[in-house]
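Throughout, a chain's letter reflects where its sequence line sits, starting with A, and its residues are numbered from 1.
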Amino acid sequence: MSIQARTLRDTGVGRWGPLSVAAGAALLAIVAVGIAAYSQQLIHGEVVTGLRDWGTQGGSPWGLYIAFVVYFIGVSFAGISIAALVRLLRIEALQPITRMAELLTIVSLVLGAFSVLADLGQPLRGITNLFRYARPQSPFFGTFSLVMAGYLFASLVYFYLAGRRDAYLLAQEPSRLQWFYRWWAAGYRDTPAQRARHERTSFLLAIAILPLLVTAHSTLGLVFGLMGGRPGWFSALQAPGFVVLAGVSGLGHIAVMAALVRWLLPSTREQIRPATFRLLGIFLMVLGMIYLYFTLIEVLTAGYAAHEREQELVALLLWGTYAPYFWAGTVGLGAAVTIGLVQGLRGSWNIGAVVAMGILVNIAAIAKRLIIVTPSLTHGSLLPYGHGVYIPTWVEVAIIVGLMSLGALAILAFSKLFPIVPLESEHAS
Amino acid sequence: MSTRALLAASIALAGFILGVVAYFVLAAPWGFPPDSVAHSNPRVPFAPAIFVAGVMMVFIAAIVYELWPGNGDHT
Amino acid sequence: MPKYAMTIDLARCMGCRACMVACKVENNTPEEQFWMYVFRLEEGEFPDTRLTFLPRPCQHCDNAPCVKVCPVGARYKREDGIVLTDFQRCIGCRYCEVACPYGVNYFHWKSPKKGQYLNWNKDAEVKERGNGETPPWHNPDHDRRYGEERRLTAGAVHYKGVMGKCTFCVHRVEKGLEPACVANCPVRVFEFGDLEDPESTVSRKLRESNRFRLLEDVGTEPRVFYLNGQPPTSEHRQLDAVKGGKKG
Ligand code: SF4
Ligand code: SF4
């Protein structure tokens with residue numbers, strides 16, 4: 001495919017069709033509701049949420065917000081690792097979705113940061129005091145500095161450098177955004193020397209991001225794992241479980257995004273091929289299986305050996321208050337794995353089915369993230385306090401849904417600025 | 001080594017060192033149990049910001065490496 | 001430097017909860033917050049039941065998980081052993097609350113002024129109770145800074161969106177007074193004093209009585225010692241659990 005074959009017009013850049021406008025307006029409206037909800041929280045305090053102190057107040061001090069911090073960061077993890085792996089291993093079929101994956105990483109990291117702010121009682125102080133006083137001893141230090149600053153910044157750099165080539169190509173054509181593409185290209189002319197240099201940096205960056213990922217996710221796991229006095233959180237499988245579930249949810253997102261782009265932009269159909277979805281489907285299936293296995297092990301070990309509080313918590317998950325979440329998660333994952341298996345056995349992968357898998361695993365991941373956070377807080381007391389309840393209020397739900405819409409809006413807007421699928425596969429020539 | 005590579009490598013190295021120093025020497029001291037007030041304050045004000053700046057520098061090096069003008073930009 | 005500790009003589013406690021009230025009056029804690037709390041526990045099957053009482057302040061742990069996890073050093077331990085929250089630095093992440101196994105932390109979900117038992121916005125009502133005057137809605141001592149580090153730590157009246165918990169009444173201790181719960185208990189269940197001083201009442205009581213600390217196996221090393229009683233087990237039920245704080 002030559003450069004000219006796909007001009008600005010068929011990348012969707014700069015074109016706001018009726019569908020995009022309608023989608024954008026709808027998303028904007030949801031974001032507005034989220035902002036209204038957040039202003040309620042700012043004015044009245046977090047009394048407007050369903051959160052309360054554990055112990056005598058019988059609530060849960062952490063809930064939806066923290067669950068989604070974990071979820072968003074998990075999604076971002078998958079995005080950047082796919083991008084890095086594709087570049088390192090040169091998986092041709094996944095090449096067209098690297099930019100989407102990188103974009104997803106950046107957007108969901110920002111959303112993760114916003115969810116942290118939504119959770120804080122003093123959000124402004126949160127921003128200033130973390131830079132001023134953050135202590136390395138607290139697992140939050142790693143989460144805040146590595147995830148939010150290092151990891152986000154690294155992804156931005158990676159994204160910027162990887163996009164220079166397309167920016168250069170776009171800057172060739174006259175358009176209203178020409179200045180922007182020139183700025184982005186920053187002197188890039190696709191000469192062999194520049195290409196070689198980019199190869200080198202993206203290789204090094206991919207390698208540098210991987211240890212960042214590991215530290216970031218271990219510290220995130222430590223936020224929960226360090227708690228000796230919290231039954232249900234203290235588990236050796238916590239960290240690998242975090243990583244696998246992160247992979248599952250991110251991959252699911254990418255599958256859905258890729259299908260949407262393919263459907264909306266016919267010109268990308270040559271690039272995002274069924275083979276792409278086959279690979280995504282296989283990855284989703286395998287990771288889903290691994291996670292199901294972890295769930296089984298966790299339930300079994302906690303059910304047999306452990307402290308009686310741990311046993312109570314497991315009972316709670318299997319048939320108690322939290323059973324709907326647990327079974328939504330497990331059945332969702334199971335269904336996704338089954339769809340994958342059926343397609344694998346038939347030897348043909350259907351795009352719609354892979355999208356269904358992507359949606360199912362994300363429902364599962366959200367349910368799972370919730371039951372990582374709350375049950376231990378409402379039912380895990382070691383002193384004879386009564387059990388607690390946690391039911392999120394509309395404010396929390398509106399803020400989270402608003403954040404998700406904000407993310408979708410950002411991706412939509414970006415796709416109007418810049419081709420969401422790389423113009424030409426990088427290693428084609 | 002070209003100027004470009006040298007520059008990028010030194011920025012990355014400086015960033016890394018800054019990060020390590022900020023984490024272990026400038027930020028609040030480690031200590032278990034944390035039984036002293038000293039563990040709650042960074043030894044140098046804004047040490048965490050310095051740490052973050054260090055981490056960022058490592059990645060800025062990649063931009064410098066690619067964007068530094070000269071050699072092979074025009075063919 | 002003294003090493004403060006508290007002893008709680010369970011054989012004396014009759015569950016009257018005067019300490020809870022004293023704490024509320026002294027620290028102006030809003031509704032639904034109990035920096036001092038007394039468990040009224042029941043064990044056994046009817047008719048063979050037994051009642052026990054267990055006061056629960058913050059344990060001022062030597063190896064405090066809340067201090068370890070605080071991301072900004074707002075929760076800290078003073079040299080004399082009192083664990084405090086710097087209200088001006090706290091960002092309201094509630095990590096300390098999640099890390100503490102004793103459930104002693106109370107977050108200000110709304111403005112502490114709004115949570116008071118009397119509505120200070122209704123001046124007439126307040127005047128009526130205050131014999132024609134509007135008393136300050138909180139103890140002015142809470143606005144002072146204490147300790148060498150001069151941080152804002154006393155009382156529960158500072159901001160919404162920050163964490164609060166028992167301070168061992170640092171503002172009283174610095175004046176040489178006992179914490180409010182200690183001073184107000186009608187049967188002298190509590191003693192507060194210096195462990196370094198072998199002649200102090202706490203040191204003497206600790207030598208003379210059998211003792212335990214709550215959740216000893218979690219490794220938090222509390223500075224609160226329970227005397228002449230048994231730690232609660234999973235057989236203990238709370239008699240009159242405070243109802244969940246769901247109302248606004
Ligand atoms: S009882 Fe809880 S809040 Fe008090 S010092 Fe121990 S861990 Fe911290
Ligand atoms: S709520 Fe405040 S005191 Fe508690 S851990 Fe967070 S910043 Fe520290």
Side-chain angles (χ1 to χ4, degrees), chain A residues 42 44-62 66 116 119-130 132-135 137-141 143-144 223-224 226-230 233 308-309 312 373 376-377 380-389 391, chain C residues 32-34 37 39 41 43 54 56 65 67-74 86 88-95 97-111 114-115 159-163 214-215 217-220 232-238 241-248:
Chain A
L42 275 185
H44 300 291
E46 285 182 77
V47 68
V48 297
T49 66
L51 301 166
R52 287 298 180 272
D53 296 316
W54 75 273
T56 57
Q57 279 187 14
S60 164
W62 281 358
I66 294 287
V116 172
D119 184 68
L120 293 186
Q122 292 277 350
L124 282 180
R125 257 195 230 173
I127 297 169
T128 54
N129 285 6
L130 281 174
R132 224 169 138 177
Y133 300 115
R135 301 164 59 246
Q137 283 193 32
S138 168
F140 255 34
F141 181 85
T143 314
F144 137 76
V223 169
F224 299 98
L226 272 186
M227 309 282 174
R230 282 251 149 251
W233 280 1
E308 59 188 297
R309 286 278 161 177
E312 261 174 54
V373 178
S376 170
L377 289 167
S381 165
L382 296 171
L383 289 182
Y385 291 111
H387 290 329
V389 272
I391 300 162
Chain C
E32 299 174 346
Q33 300 195 4
F34 300 96
Y37 182 69
F39 283 107
L41 300 168
E43 78 187 305
L54 185 91
R56 178 240 64 188
V67 174
K68 272 193 231 171
V69 300
C70 179
V72 294
D86 180 338
Q88 259 175 340
R89 198 186 285 188
C90 173
I91 60 174
C93 66
R94 307 189 284 286
Y95 199 0
E97 172 171 0
V98 165
C100 167
Y102 301 99
V104 306
N105 290 280
Y106 290 90
F107 186 69
H108 288 317
W109 300 99
K110 58 187 170 190
S111 159
K114 277 193 195 153
Y159 314 96
K160 74 166 183 270
V162 299
M163 191 56 75
L214 273 183
L215 307 181
D217 47 346
V218 184
T220 48
T233 65
S234 52
E235 299 304 310
H236 284 95
R237 301 177 294 276
Q238 243 202 120
V242 180
K243 289 289 177 299
K246 283 297 157 186
K247 73 177 166 137

Novice: As an exercise, state the distance from CG of C:D86 to CG of A:N129, rounded to the nearest 0.5 Å.
Specialist: 9.0 Å
Novice: Which of the residues A:V116, A:T128, A:L130 is involved in the greatest number of heavy-atom pairs with chain C at under 4.5 angstrom?
Specialist: A:L130
Novice: If you count heavy-atom pairs under 4.5 Å with chain A, which of C:G219, C:P65, C:A74, C:G92 comes out on top?
Specialist: C:G92
Novice: Considering all heavy atoms of both residues, which atom of A:H44 and which atom of C:K114 are nearest to each other, and what is their separation?
Specialist: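 Where A:H44 meets C:K114 most closely, the heavy atoms are ND1-NZ, 4.3 Å.
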Novice: For C:E97, what residues pass the salt bridge (Lys or Arg N to Asp or Glu O under 4.0 Å) criterion, not counting sequence neighbours?
Specialist: none
Novice: At a 4.5 Å cut-off on heavy atoms, which part of C:F107 comes close to chain A: side chain, backbone, both, or neither?
Specialist: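 The answer is both parts of C:F107.
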Novice: Only pairs of heavy atoms separated by less than 4.5 Å count here; which of C:P232, C:C70, C:S111 has the most with chain A?
Specialist: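 Going by pairs under 4.5 Å, I would pick C:C70.
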Novice: Any donor-acceptor pair under 3.5 Å linking the side-chain atoms of C:Y159 with those of A:R125?
Specialist: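 No, no side-chain donor-acceptor pair sits under 3.5 Å.
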Novice: Any side-chain heavy-atom pair from A:W54 and C:V98 closer than 4.5 angstrom?
Specialist: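 No - every pair of side-chain heavy atoms lies 4.5 Å or more apart.
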Novice: Taking all atoms of both residues into account, what is the closest heavy-atom pair of A:T56 and C:E32, and its distance?
Specialist: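 Looks like OG1-O, 4.5 Å.
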Novice: Name the option with the most non-hydrogen atom pairs under 4.5 Å to chain A; the candidates are C:S234, C:G103, C:G73.
Specialist: C:G103
Novice: Roughly how far, to the nearest 0.5 Å, is OH of C:Y95 from CD1 of A:I66?
Specialist: 9.5 Å
Novice: Could you grab the distance from atom CG of A:D53 to atom CE of C:M163, nearest 0.5 Å is fine?
Specialist: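 One gets 6.5 Å once the value is rounded to the nearest 0.5 Å.
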Novice: Distance from A:Q122 atom CD to C:K160 atom NZ, nearest 0.5 Å?
Specialist: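 One gets 8.0 Å once the value is rounded to the nearest 0.5 Å.
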Novice: Could you pull out the closest heavy-atom pair between C:I91 and A:L120, with the gap in Å?
Specialist: O-CB, 3.6 Å
Novice: Just how far is it from atom CH2 of C:W109 to atom CG of A:L51, taken to the nearest 0.5 Å?
Specialist: 4.5 Å
Novice: Need one label for C:L214: side chain, backbone, both or neither, based on atoms under 4.5 Å from any heavy atom in chain A.
Specialist: side chain
Novice: Taking side chain as C-beta onward, heavy atoms only, is A:Q57 less than 4.5 Å from C:Q33?
Specialist: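 SC-SC contact between A:Q57 and C:Q33 confirmed.
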Novice: Give, as side chain, backbone, both or neither, the part of C:R56 having an atom under 4.5 angstrom from any heavy atom of chain A.
Specialist: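 Contact with chain A: side chain only.
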Novice: If the condition is salt bridge (Lys or Arg N to Asp or Glu O under 4.0 Å), which residues does A:D119 pass it with, not counting sequence neighbours?
Specialist: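 A:D119: salt bridge (Lys or Arg N to Asp or Glu O under 4.0 Å) contacts with C:R94.
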Novice: Is the backbone of A:L382 close enough, under 3.5 Å, to the side chain of C:Y102 for a donor and an acceptor to pair up by distance?
Specialist: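 Pair absent, no side-chain N/O of C:Y102 close to backbone of A:L382.
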